[in-house]
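Lettering follows sequence order; numbering is per chain, from 1. Remember, predicted model here, so these are calculated numbers, not experimental data.
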Amino acid sequence: MVKPGDGYKDIPKGGLILEVGNAKSYKTGGWRTERPILDKEECINCHLCWAFCPDSSVLSEDGDVKAEIDYDHCKGCGICAYECPVNAIEMEKE
Amino acid sequence: MKLKEAAKKEERLTGGHRLCSGCGAGTVARLVMRASDNPAVVGCATGCLEVSTTIYPYTAWEDSFIHNAFENVGATISGVESAYRSLKKQGKMDEDFDFIAIGGDGGTYDIGFQSLSGAMERGHDMVYLCYDNGAYMNTGIQRSSATPKGANTTTSPAGEVIPGKQQYRKELTDIMAAHNIPYVAQASPFKPQDLMKKAKKAFEVDGPAFINVLAPCPRGWRSKAEEGIELTKIAADTCFWPLYEIEDGEWKLNYKPKNKKSITEWLEPQGRFKHLFQEENEALVEEIQEHVDQRWNTILNRCGEL
Amino acid sequence: MSNQVALTGNEVMAQAMRQINPDVVAAYPITPQTAMVQVFSQFVADGNVDTEYVTVESEHSAMSATVGASAAGSRAMTATAANGLALMWEILYIASGTRLPIVMPVVNRALSGPINIHCDHSDAMGARDAGWIQFFAENAQEAYDNAIQAVRISEHEDVRLPSMVNLDGFIISHAVENLEILADDEVEEFVGEYHADNYLLNSESPIAVGPLDLQDFYFEHKMQQSVAVENVKDVVLKVAEEYKGISGREYGLFEEYKLDDAEIAVVALGSTTGTAKAAVDNLREQGVKAGLLKIRLYRPFPAQEIADALKDLKAVAILDRAETFSTTGGPVFADVKAALYDIKADVEATNYIYGLGGRDIKVGEIESVFTDLQQVVETGNVEQTINYLGVRE
């Protein structure tokens, strides 16, 4: 992976990025002013929050959305809480 | 496909991109890419999605990605797809790939229109996805030919004598249908399964496919970030953004609101339309309502619903 | 086995493209390049090539699709002229900046306006700083030879830059010449298979091309390009040596014609150099020590080598088939003069802008340039540095 400060001799030619999906290592969680808290008891696992999340930050494992929220990348837009049909997600001030 | 089933597939657009909080483009791109069953080459026109997902040395795409310029994603992916056909024909590769070109409304309706039209006319086996947020949001909310009439943008500002954008939107989905390509659809993220189903059809047809998706932009719409998806539902319920598809020339309606709502329900929550609710603009709102009604009737008619 | 053929420049360039057999060609017809893509389309229609021919709706899309095809990992070509090249402008920089080894014949024609379809070099000269390698040819034979060699030069690992193979509109593109083309298998072997290091159609190692490259890395990527163009001259000479082995024809960075003992000379490029050779011959018969330097590789500019070749002259005239509207003369003049300055050469240099919009240039006119140079040598005085040759007052 190209590192800050690398010189022209060390980086791939032509601006190519050779490691796909590496934006994962860039944390956007710090943008958040409010964090979504998922109440796993209330959740009906409908996956709407998973589908609507613009930041791929509602994690689903084996078809179960009750896993976790990826706070490294969640920007706190609140769509998940707003759209949840059973109000299982609350937004809390950071 | 059920959402929980769709969620079992690998994520193709990772977190760590730098779209604004609540941006609809991220949701739309993620859902569409879920419908692809092959490795893909993704092309992006210059715009919000492009600048936010591939800031050197990072890329949020798990697939190969190419950005060339603003006005040429149609032609660029034409070239990639042609290389694929050539190499396959020569036996130099045998793997299947999907090809998708993505543009915002600026890169699609306006500056990239010729490139898109050429690519569709030539019949490349590719999907063109437009995420339509109704203005040049990336450069600070300038009007495009997809901006709704009356919207306040930075180049169609609501002023003392001119109440925002003067023209109705260009009906790009119709124009793409007139290319007689195998698949054209209009979709919306509030119906994620419908969107993924359409994307799947688009990837699967042999030849070009075009999908136009309404994408909320809290910055440009002057709306609340958390209400973006809800707004796309209101857009469908007011018939501002109907959901339909044209498969081999057959028009089909995919969503009929139980109670068609007044256009004011779409306009009111968005700051870009605030000035329309001043007394002197009453007639303009009525005119917009009439236009929406007319357009809705046209679509019902084409879809055999009247 | 070479074949003797009588073909126009456009036809022989189409033959070169057939023999190179690129995976993808995306091209748009424009006078005076049209016959080239017509003939090539027939090769596609007849199954003589493996090429996917993308019949784009503009030159902008031609270059855009060629960039896509090249980034995908295929060998990709296009061809254009004049306004078509101007329409590609933005994407020319993207092709070179992305280090894509595209080869593109350019049939040189005047840029509008007013519109004119005939030869001058305003199209290619405008693109001289776009990061492309630029070759110029005296005749169709050279244009053909340049096209074949350009593939190897562009794709060389030390280079990886696109090439523009220029040929003069109508004068070369439409005139029938007797020339030699190589056997198909010789070209196939010479150009070899293209293997990109990193490419889009590789699901094992997918990549991202054309990211947003800001203050922290853009300069480094431009520096890589600067290093690559520095490498071009050596690669051009190595490839020329190898090409001589199969063709018997010799190429350098430029050609020196009767320049060894010359006292006065002209510098030119393109088809005019043939006319200039006739003028030099006539003057030599009269006992005038006249010579010619014909530039083949214009970008990158072989400044040191050209300055060394000119340094012993008493005076030199640089012919430009393009105007820069800078009041400082044509583009070739600026380059040559700077090169002479760098080695502190004591050579008077003058500039002649000629032939714009296809205005014919005759042997007598070039002889008159030599007469002017003789005057400069005799008086030690340059009356007019920038001259317009063949224009009416």
Side-chain angles (χ1 to χ4, degrees), chain A residues 1-4 6 11-12 14-29 31-34 36 44-67 69-84 89 91, chain B residues 2-31 33-34 39 42 49 52-67 189-193 195-196 215-216 218 224-230 232-233:
Chain A
M1 164 105 180
V2 171
K3 300 179 300 296
D6 277 355
I11 59 176
L16 301 188
I17 300 170
L18 306 183
E19 196 186 341
V20 292
N22 64 355
K24 283 193 284 277
S25 64
Y26 189 88
K27 310 279 194 267
T28 51
W31 298 16
R32 224 171 27 241
T33 56
E34 288 185 324
I44 55 167
N45 202 29
C46 69
H47 273 72
L48 279 174
C49 55
W50 168 85
F52 294 143
C53 178
D55 293 289
S56 319
S57 292
V58 178
L59 304 176
S60 170
E61 265 178 39
D62 302 325
D64 187 0
V65 83
K66 297 179 185 179
I69 287 178
D70 170 8
Y71 292 113
D72 281 346
H73 299 112
C74 164
K75 294 168 188 156
C77 68
I79 287 177
C80 53
Y82 190 89
E83 293 293 335
C84 179
I89 303 176
M91 298 303 288
Chain B
K2 284 192 169 156
L3 291 179
K4 69 175 80 168
E5 291 308 310
K8 287 180 182 169
K9 292 171 76 177
E10 290 294 309
E11 193 69 59
R12 309 277 281 265
L13 179 69
T14 73
H17 61 67
R18 286 173 248 182
L19 288 163
C20 299
S21 178
C23 172
T27 306
V28 171
R30 274 186 63 215
L31 291 172
M33 289 309 296
R34 292 248 155 208
V42 180
L49 188 66
S52 307
T53 57
T54 52
I55 303 180
Y56 192 85
Y58 298 101
T59 171
W61 301 91
E62 296 284 9
D63 293 275
S64 271
F65 170 93
I66 181 167
H67 160 249
F190 85 93
K191 286 273 182 201
Q193 280 157 290
L195 174 57
M196 283 193 286
K224 292 178 182 157
E226 67 270 26
E227 291 178 14
I229 298 294
E230 174 64 14
T232 64
K233 181 174 190 308

Among [options], residue most engaged with chain A (heavy-atom pairs, under 4.5 Å):
{"options": "E5(B), E227(B), R12(B)", "value": "E227(B)"}
{"options": "A225(B), P57(B), P218(B)", "value": "P57(B)"}
{"options": "A60(B), P192(B), G16(B)", "value": "G16(B)"}
{"options": "T27(B), I55(B), T59(B)", "value": "T59(B)"}
{"options": "K2(B), H17(B), K8(B)", "value": "H17(B)"}

Q. Which residue out of G78(A), G63(A), P12(A), G76(A) racks up the most heavy-atom pairs below 4.5 Å with chain B?
A. G63(A)

Q) Between L16(A), V58(A), I17(A), which residue shows the highest count of heavy-atom pairs closer than 4.5 Å to chain B? A) I17(A)

How about [X] and [Y]: does a side-chain donor come under 3.5 Å of a side-chain acceptor?
{"X": "T54(B)", "Y": "W61(B)", "answer": "no"}
{"X": "Y71(A)", "Y": "R32(A)", "answer": "no"}
{"X": "H47(A)", "Y": "S60(A)", "answer": "yes"}

Structural part of [X] lying under 4.5 Å from a heavy atom of chain B:
{"X": "T28(A)", "answer": "side chain"}
{"X": "W31(A)", "answer": "side chain"}
{"X": "C74(A)", "answer": "neither"}
{"X": "D6(A)", "answer": "neither"}
{"X": "M91(A)", "answer": "neither"}

Q) Charged N to carboxylate O below 4.0 Å: is that the case for R34(B) and E11(B)? A) yes

Q. Any Lys/Arg nitrogen of K224(B) or E230(B) sitting under 4.0 Å from an Asp/Glu carboxylate oxygen of the other?
A. no

Q) Counting heavy atoms not belonging to K27(A), are there more than 12 under 6.0 Å from its NZ? A) yes

Q) Does any heavy atom of chain A fall under 4.5 Å from the side chain of A6(B), the backbone, both, or neither of them? A) both

Q) Is it the backbone or the side chain of I229(B) that comes under 4.5 Å from a heavy atom of chain A, or both, or neither? A) both

Q) I89(A) and C49(A): which non-hydrogen atoms are nearest, and at how many Å? A) CD1-CB, 4.0 Å

